[in-house]
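Data first, discussion second: the structure below is written as structure tokens.
We number each residue from 1, following the sequence as shown. Just so it is clear, the model here is predicted, and its values are computed rather than measured. Only this structure's heavy atoms are used, side chains among them; waters, hydrogens and symmetry mates stay out.
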Amino acid sequence: MRSHEIQSLEEKQCLVVNPEPRVLQNNGRRTFFRLLREPFDWLSMLCRELETSFILAIIVVYGFSQGFSGSFFKVVTDYYWKDVQQMQPSAVQLYQGLYVKPWIMKPIWGLLTDVFSISGYKRRPYFVLAGTLGSFCALLLLQKKPPVLFALIFLTGISAAMSIADVTIDACIARSSIQQPALASDMQSLCGFVSSTGAILGYSTSGMLVHTLGAQGALGLLALPLTMIITLGFTMTEAKSMIRTDKKPDKMDADDNSKHKTVPSGDRGNLLCAAHVHRQHRFLVQQMGWKPCSSTAEGHENRFQELVVGSSDKESAEDLNLGSDFPSAQSRASRCDAS
């Protein structure tokens with residue numbers, strides 16, 4: 001009996017222990033697929049919190065323009081000067097220093113995008129300008145053998161296009177980082193990831209494409225990522241900047257401002273206070289249908305005349321434009337009696 005019980009207990013333990021590898025295996029698969037999904041979930045979170053067009057702009061500029069085109073441009077231009085233009089290495093070094101200047105001028109491009117707006121937009125027009133300039137210069141390099149000066153201008157234009165696009169997207173990232181500081185590190189991670197990926201792709205394919213298409217044909221391919229920058233100017237969402245205009249106050253504003261002036265003291269202050277009382281009196285009589293007695297109207301008129309005559313600065317009702325606003329006591333009394 002005891003041996004039979006021990007055997008049954010061992011079988012139960014085997015049944016309990018055996019499923020553990022299967023559970024661990026299923027958990028391992030779930031963890032693996034979860035790790036694969038995590039970058040896409042992170043990217044979808046950025047698209048949800050930020051704008052999808054903004055995330056696409058980061059991928060296009062940092063991935064295709066700065067990453068791929070930048071590394072591709074560095075490799076292909078060396079072959080271009082050596083094979084097509086047949087220049088000496090010393091001259092090539094001089095020319096490379098010239099068309100790298102647009103990257104040194106990045107603070108100037110940034111100042112232009114911040115200060116000068118086009119049709120109320122500060123970012124989108126510069127994407128269109130950079131893409132148009134770069135793609136046009138890349139296509140012009142497909143000529144048989146342009147002069148050295150023209151080739152240098154075209155390469156400088158491509159470099160300027162990439163630097164302008166880079167500065168513009170940096171300004172957009174800075175604005176989004178201020179608006180949502182919790183996602184600033186995520187945006188920097190995305191920029192670094194797509195830039196590194198694009199650079200690896202550009203360095204790994206540049207030699208093969210130069211061997212297949214030649215240096216001029218490879219440079220012509222740079223028009224494709226630069227054309228993608230043009231689309232950002234039409235698809236990226238951006239709020240129009242408020243344009244300040246110096247508005248001159250009109251007559252109504254001047255009258256409203258004059259109503260809030262401080263009432264002077266002394267005889268002039270008493271005169272203005274009396275004028276205000278008479279204006280209210282006229283409004284009550286004509287608009288609200290108030291019917292004062294003749295003695296009240298005559299008392300108001302006499303008090304006003306005393307203030308006018310007794311004022312030290314010799315002002316009259318005509319100087320205060322009160323002639324039409326203050327009818328005489330007799331006319332007011334007759335109006336009251338008629339009503």
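In this structure, a donor-acceptor pair under 3.5 Å is absent between the side chains of Gln216 and Tyr80. Looking only at atom types and distance, the side chain of Asp78 has a donor-acceptor partner in the side chain of Gln96 under 3.5 Å away.
Counting heavy atoms from C-beta outward, Leu221 and Leu213 have side chains that approach closer than 4.5 Å. Contact of the Phe154 side chain with the Leu219 side chain is not registered, since no non-hydrogen atoms from C-beta on lie closer than 4.5 Å. In this structure the side chain of Ile229 reaches within 4.5 angstrom of the side chain of Leu226, judged on heavy atoms. By the 4.5 Å heavy-atom criterion applied to side chains, Phe193 and Pro39 are not counted as neighbours. Counting heavy atoms from C-beta outward, Pro102 and Thr156 have side chains that approach closer than 4.5 Å. Residues Ile158 and Leu141 meet the side-chain proximity criterion, which asks for heavy atoms closer than 4.5 Å. Between Leu46 and Glu49, the closest side-chain pair of non-hydrogen atoms is not below 4.5 Å. Residues Lys82 and Met87 form no side-chain contact, since every pair of their non-hydrogen atoms from C-beta on lies 4.5 Å or further apart.
Dense packing is recorded around CZ of Arg175, with more than 12 heavy atoms of other residues, nucleotides or ligands lying under 6.0 Å away. Heavy atoms from other residues, nucleotides or ligands lying under 6.0 Å from CD of Glu38 number 12 at most.
Looking at every heavy atom in both residues, Gln85 comes nearest to Pro146 through NE2-O, 3.1 Å. Of all heavy-atom pairs between Ala218 and Val76, the closest is CB-CG1, 3.8 Å. Shown here for Ala130 and Ala161, the closest heavy-atom pair between the two residues is O-CB, 3.0 Å. Residues Ala57 and Leu232 come closest through the heavy atom pair CA-CD2, 3.7 Å. When all heavy atoms of Ile104 and Pro107 are compared, the closest pair comes out as O-CD, 3.5 Å. In terms of heavy atoms, Ser69 sits closest to Pro225 at OG-CG, 3.1 Å.
Judged by distance alone, the side chain of Lys101 and the main-chain N or O of Gly97 form a donor-acceptor pair under 3.5 Å. Checked by atom type and distance alone, the side chain of Trp109 never pairs as donor or acceptor with a backbone atom of Trp103 at under 3.5 Å. Panel note: side chain Ser159, backbone Leu155; no donor-acceptor pair is recorded below 3.5 Å. Looking at Ser163, its side chain does come within 3.5 Å of a backbone N or O of Ala160 through a donor-acceptor pair. Judged by distance alone, the side chain of Thr231 and the main-chain N or O of Met228 form a donor-acceptor pair under 3.5 Å. Between the side chain of Tyr126 and the backbone N or O of Leu112 there is at least one donor-acceptor pair closer than 3.5 Å. Within the 3.5 Å criterion, the main-chain N or O of Lys74 finds a donor-acceptor partner in the side chain of Thr77.
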Q: Any chance you could lay out the side chain to side chain contact (heavy atoms under 4.5 Å, CB included) test for Met162 and Phe73, step after step, and finish with the verdict?
A: CA-CA 11 Å; Met162 291 189 290; Phe73 181 79; 4.3 Å; yes
(Q) The test is side chain to side chain contact (heavy atoms under 4.5 Å, CB included); show your working for Phe54 and Cys47 and say whether it passes. (A) CA-CA 8 Å; Phe54 174 64; Cys47 294; over 6 Å; no
Q: Walk me through it: do Ser65 and Val60 pass the test side chain to side chain contact (heavy atoms under 4.5 Å, CB included)?
A: CA-CA 6 Å; Ser65 177; Val60 169; 5.8 Å; no
Q. Can Met187 and Leu190 be said to form a side chain to side chain contact (heavy atoms under 4.5 Å, CB included), step by step?
A. CA-CA 5 Å; Met187 286 185 281; Leu190 179 63; 5.6 Å; no
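The same ILVMFWY cluster, assembled from side-chain heavy atoms under 4.5 Å apart, contains both Val84 and Tyr79. Residues Ile230 and Phe136 do not share a hydrophobic cluster, clusters being chains of Ile/Leu/Val/Met/Phe/Trp/Tyr side chains in contact below 4.5 Å. A single hydrophobic cluster is seen to contain both Val148 and Tyr99, as judged by linkage of ILVMFWY side chains at heavy-atom distances under 4.5 Å, directly or through other members. Met236 and Val128 fall into different hydrophobic clusters, defined by Ile, Leu, Val, Met, Phe, Trp and Tyr side-chain heavy atoms under 4.5 Å apart, directly or through other members. No chain of hydrophobic side-chain contacts below 4.5 Å, direct or via other Ile, Leu, Val, Met, Phe, Trp or Tyr residues, connects Trp81 to Leu142.
Salt-bridge check for Lys106 with Asp166: passed, with a basic side-chain N closer than 4.0 Å to an acidic carboxylate O. A salt bridge links Asp114 with Arg123: the distance from a Lys NZ or Arg NE/NH1/NH2 to an Asp or Glu carboxylate oxygen falls below 4.0 Å.
When Thr113, Thr132, Val61 are each tested for a side-chain contact (heavy atoms from CB on, under 4.5 Å) with Phe127, only one passes: Val61.
Atoms CD and CG, from Gln180 and Asp186 in turn, are 10.5 Å apart once rounded to the nearest 0.5 Å. The CD1 atom of Ile173 sits 12.5 Å away from the CD1 atom of Ile178 when rounded to the nearest 0.5 Å.
In this structure, the ring of Phe72 has its center less than 6.0 angstrom from the ring center of Phe68.
Taking the centre and axis of the six-membered ring of Tyr121, the NZ or CZ atom of Arg124 falls inside the cone set by 45° and 6.0 Å.
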